[in-house]
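Single-structure report; data block below.
The structure displayed is predicted, hence computed values, not measured ones. By convention in this document, chain letters (A, B, ...) are assigned in the order of the sequence lines, proteins followed by strands, and residues within each chain are numbered from 1.
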Amino acid sequence: MKRLPPEALDRIYAAIRAVPRGRVATYGWIAERAGLPRRARLVGHALRHAPRRLRLPWHRIINAQGRISFPRGSEPYAEQRRRLEAEGVHFLRGRVRLDQYGWRLTLDELLWKPRE
DNA sequence: GTTGTGACGACTT
DNA sequence: AAAGTCGCCACAA
């Protein structure tokens with residue numbers, strides 16, 4: 001009954017590190033890229049316990065509704081929003097447009113569809 | 001064991 | 001739009 005490969009956490013952190021400045025990704029997308037489909041909650045968990053030393057761009061991870069997952073008005077919420085806006089990510093009615101700032105490329109897409 | 005909670009998400013009412 | 005429901009599963013109690 002096991003699950004959770006030992007490298008899972010590292011893959012999650014790597015996926016988070018891959019999100020560029022000024023872009024955002026959802027917990028679900030990160031999970032997918034880490035090879036852990038449907039494990040969005042695990043990403044949240046990993047982030048919550050991530051050592052600050054890793055210097056992860058944690059603020060670039062938001063939920064699938066384009067909103068920050070901390071309670072509105074809380075300090076963490078304010079800081080995440082502040083950091084995102086500082087990178088040029090614009091909020092509209094408390095939400096970020098994923099079709100505009102979302103970053104969801106996979107390695108396969110980069111290798112197979114570099115055209116256009 | 002069981003239960004509840006959670007930086008989540010897709011679907012259905 | 002908003003609220004439920006269900007899936008997911010690590011963790012703490």
From CD1 (I68(A)) to CZ (R95(A)), nearest 0.5 Å: 12.5 Å

Please find the pair of heavy atoms, one from L56(A) and one from A50(A), that lie closest to each other, and give the distance. CD1-CB, 3.8 Å

Approximate separation, where rounding is to 0.5 Å, of T26(A) OG1 and L98(A) CG: 7.0 Å

Examine W103(A) and L92(A) and state if one hydrophobic cluster contains both, with Ile, Leu, Val, Met, Phe, Trp and Tyr joined whenever side-chain heavy atoms are less than 4.5 Å apart. no

With 3.5 Å as the limit, what N/O pairs link the protein to nucleotides 7-10 of chain C?
residue : atom : partner : partner atom : Å
dA10(C) : OP1  : R39(A)  : NH2          : 3.1

Nearest whole angstrom, please: distance from the C1' of dC8(B) to the CD1 of I16(A). 13 Å

Should we count CZ of R11(A) as having more than 12 external heavy atoms under 6.0 Å? yes

Could you check Y27(A) against E32(A) and say which one's nearest nucleotide on DNA chain B is further toward the 5' end? Y27(A)

Just grab all the salt bridge (charged side-chain N to carboxylate O under 4.0 Å, His left out) pairs involving residues 80-94 of chain A, residues at least two apart or on different chains. R21(A)-E87(A), R60(A)-E87(A), E79(A)-R83(A), R81(A)-E85(A)

For dA2(C) versus dA7(B), give the span between their P atoms, rounded off to a whole number of Å. 22 Å

Within a radius of less than 6.0 Å around CZ of R48(A), do more than 12 heavy atoms belonging to other residues, nucleotides or ligands occur? yes

Let's see if you get this right: which residues in residues 47-79 of chain A place a heavy atom under 4.0 Å from DNA chain B? L47(A), R48(A), W58(A), N63(A), A64(A), S69(A), F70(A)

Rounded distance (Å) that lies between atom C1' of dA10(B) and atom CH2 of W29(A): 15 Å

Is T26(A) near enough to dC8(B) that one of its side-chain N or O atoms lies under 4.0 angstrom from OP1 or OP2? no

If you measure from CZ on R39(A) to CG on L4(A), what distance do you get to the nearest 0.5 Å? 6.0 Å

